[in-house]
Amino acid sequence: MPDEPQTDGRRTADRDFEVDLDDVLEDDEGDEGLFDDLLSGEPIFENKEVLRPSYTPHELPHRKDQINNMATILVAALRGETPSNILIYGKTGTGKTASAKFVSQELEKTSQKYDVPCEVEYINCEVTDTQYRVLAQLANTFIEQNRGFVDDRVEELQDLRNEAESDPGALAAGDADFDSVDAVDDRIEALLQEKSEMEDVPMTGWPTDRVYTRFFEAVDYVERVAVIMLDEIDKLVEKSGDDTLYNLSRMNSELENSRVSIIGISNDLKFTDFLDPRVKSSLGEEEIVFPPYDANQLRDILQHRSDVAFKADALSEDVIPLCAAFAAQEHGDARRALDLLRTAGELAERDQAEGVTEEHVRRAQDKIELDRVVEVVRTLPTQSKLVLYAILLLEDNGVHNVNTGEVYNIYKTLCDELDADVLTQRRVTDLISELDMLGIVNAVVVSKGRYGRTKEISLSVPVDETEAVLEADSRLSDIENVTPFVQARFDN
DNA sequence: CATCCACAGGAACTTGGGGGCA
DNA sequence: TGCCCCCAAGTTCCTGTGGATG
């Protein structure tokens, strides 16, 4: 195992963020075991899962209108018609995804009840962010399903065949007319042959149009209505244009057996501006807007979930209003509110407190922010880390609102000393913009008249923590030894 | 009022690494 | 093996520009 030391290093680092083992060990006196202490405290949570973002609730307060609206549109699928395409708008944490998933679950449930072939495929375009990958993923899920259909059909035919061997009359009673047992065998063989041709689309390697064809065939293999749900659709358009959407939206005119319908979910209200007008009109047949929650609505949601999540009386009175207020400031983000509540609970649990207090919420607020920053910085690519370190050094030396040129100069010396590749300034400006979008730095374009136009960059995270995280990176391990060389530059 | 700085940021291209297929 | 594809990261070349200054 050549990478053993690295793994070890990561484990130690993780430990500090996950559970504070040192604290536990210090308290470990007498013959009590390691976990006894932790267990002895009155538990605060009843069911923590319902506070996690992955949990899809059965009831979404203050979203009845939107849900009914979606249902009205999608009910067409149950009648075997093509539902209109839907575009859903709303900022993060406004319940778009949860509502859409809820509706699709109900849709699939009902479709099974009435035996109407109708499926919903969910794709998160932030993860699956190119045309190729979207098509490949869709193709593979449908291919998988089709194999299932073939298996079912083959089984059916085999039963029929077995029955027919003892009672020739059974053939006529079957749903398809076979005049002999051999005919049934032939059919089975043909089906198995078809199945063997249903290979998965590889993750990479094929031309995109071939993937498209494969996907097309897979959808059209049986009669059905396929609802394709594209979450964070703006990310897809931003990265790889509207070809995917164009292809998907014109599919219906060529499909013979099945119909497809698209549900696009977007954070960005204006993303249709970049679309081809044809795509825009077809995709936006129906539009549903999810407005941000206000503090009162957030309070309802939190109340709702905390009844299930916490033990009775575990929350002091002002906890929920405070969480709601904090989250309402962040454009009414319910996910954030739930996170806050959960983290506050975890902090209280770790303190072995009786219940969650206002104080825990405030600490949770800080912890979430710091955790986010630490995680983002830790997972940054090396080059971005170098750029960030350059900004950090400038800040350390009392230079605030630095501009691109200064950063680039420091970055260059840093790379020289570390023996790393030096990127062009063009690339570094992009990296700075990325850091800006991640909220690690704040970069504003300003014009200094005669002295040019540049970005004014300032750090928007705590210096010490960030520095610690950067120095923990093995690839930058020499950085501390290098700093003096860079420091020397400031003397000039 | 024109000039001109110091970049911003778009477009097209290259490189190298993932893979398929005959 | 050679030729095809896709993709991320990076490079080259480029045009655009807000406003202090001469």
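Each chain gets a letter, A, B and so on, in the order its sequence line appears, and its residues count up from 1.
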Given atom [atom1] of [X] and atom [atom2] of [N], what is their separation to the nearest angstrom?
{"X": "Arg427(A)", "N": "dA8(B)", "atom1": "CZ", "atom2": "P", "answer": "14 Å"}
{"X": "Glu406(A)", "N": "dA6(B)", "atom1": "CD", "atom2": "P", "answer": "12 Å"}
{"X": "Gln425(A)", "N": "dA9(C)", "atom1": "CD", "atom2": "P", "answer": "20 Å"}
{"X": "Ile457(A)", "N": "dA6(B)", "atom1": "CD1", "atom2": "C1'", "answer": "13 Å"}
{"X": "Tyr132(A)", "N": "dA8(C)", "atom1": "OH", "atom2": "P", "answer": "13 Å"}
{"X": "Ile432(A)", "N": "dC7(B)", "atom1": "CD1", "atom2": "C1'", "answer": "11 Å"}
{"X": "Leu386(A)", "N": "dA9(C)", "atom1": "CG", "atom2": "P", "answer": "16 Å"}
{"X": "Gln131(A)", "N": "dC6(C)", "atom1": "CD", "atom2": "P", "answer": "9 Å"}

Q: Give me the bend of the helix from dC1(B)-dG22(C) to dA22(B)-dT1(C), using the axes of the five pairs at each end, rounded to 10°.
A: 30°
Give a yes/no answer on whether the side chain of [X] brings an N or O atom under 4.0 Å of OP1 or OP2 in [N].
{"X": "Thr424(A)", "N": "dT11(C)", "answer": "yes"}
{"X": "Lys455(A)", "N": "dA6(B)", "answer": "no"}
{"X": "Thr130(A)", "N": "dC7(C)", "answer": "yes"}
{"X": "Asn403(A)", "N": "dC7(B)", "answer": "yes"}

When you compare the side chain of [Y] with that of [X], does any pair of heavy atoms fall below 4.5 Å?
{"X": "Val211(A)", "Y": "Tyr132(A)", "value": "yes"}
{"X": "Gln193(A)", "Y": "Glu197(A)", "value": "yes"}
{"X": "Tyr212(A)", "Y": "Glu217(A)", "value": "no"}
{"X": "Leu248(A)", "Y": "Val260(A)", "value": "no"}

Rounded distance [0.5 Å steps], [atom1] in [X] versus [atom2] in [Y]:
{"X": "Thr466(A)", "Y": "Leu388(A)", "atom1": "OG1", "atom2": "CG", "answer": "6.5 Å"}
{"X": "Met251(A)", "Y": "Ile262(A)", "atom1": "CE", "atom2": "CD1", "answer": "9.0 Å"}
{"X": "Asp200(A)", "Y": "Ile143(A)", "atom1": "CG", "atom2": "CD1", "answer": "6.0 Å"}

Q.
For a quick check of understanding: with a heavy-atom distance under 4.0 Å over all strands, which category does Asp430(A) fall into, base, sugar-phosphate or nothing?
A. nothing
(Q) Using a 4.0 Å heavy-atom cut-off, does Val407(A) contact any base of the nucleic acid, only the sugar-phosphate backbone, or nothing at all? (A) nothing
Q. Could you write nucleotides 16-21 of chain C as a row of B, S and -, 5' to 3', where a protein heavy atom under 4.0 Å of any base atom gives B, of only sugar-phosphate atoms gives S, and otherwise -?
A. BBBBBB
(Q) One thing to verify: whether Lys235(A) and Asp129(A) come together as a salt bridge, which I'm taking to mean a side-chain N less than 4.0 angstrom from a carboxylate O. (A) no
Q) Looking at Arg426(A) and Asp430(A), does any basic side-chain N land under 4.0 Å from a carboxylate oxygen? A) yes
Q: Indicate, yes or no, whether a donor-acceptor pair under 3.5 Å links the base of dG9(B) to the side chain of Arg426(A).
A: yes
(Q) Given 3.5 Å as the limit, does a donor-acceptor pair link the side chain of Arg147(A) with the main chain of Met198(A), or not? (A) yes
Q. Quick one: does NZ or CZ of Arg305(A) land under 6.0 Å from the six-membered ring centre of Tyr55(A), within 45 degrees of the ring axis?
A. no
(Q) Would Lys91(A) and Phe290(A) count as a cation-pi pair here, with the cationic atom under 6.0 angstrom from the ring centre and within 45° of the axis? (A) no
**Q.** Within residues 197-208 of chain A: residues closer than 4.0 Å to DNA chain C (heavy atoms)
**A.** Gly205(A), Trp206(A), Pro207(A), Thr208(A)
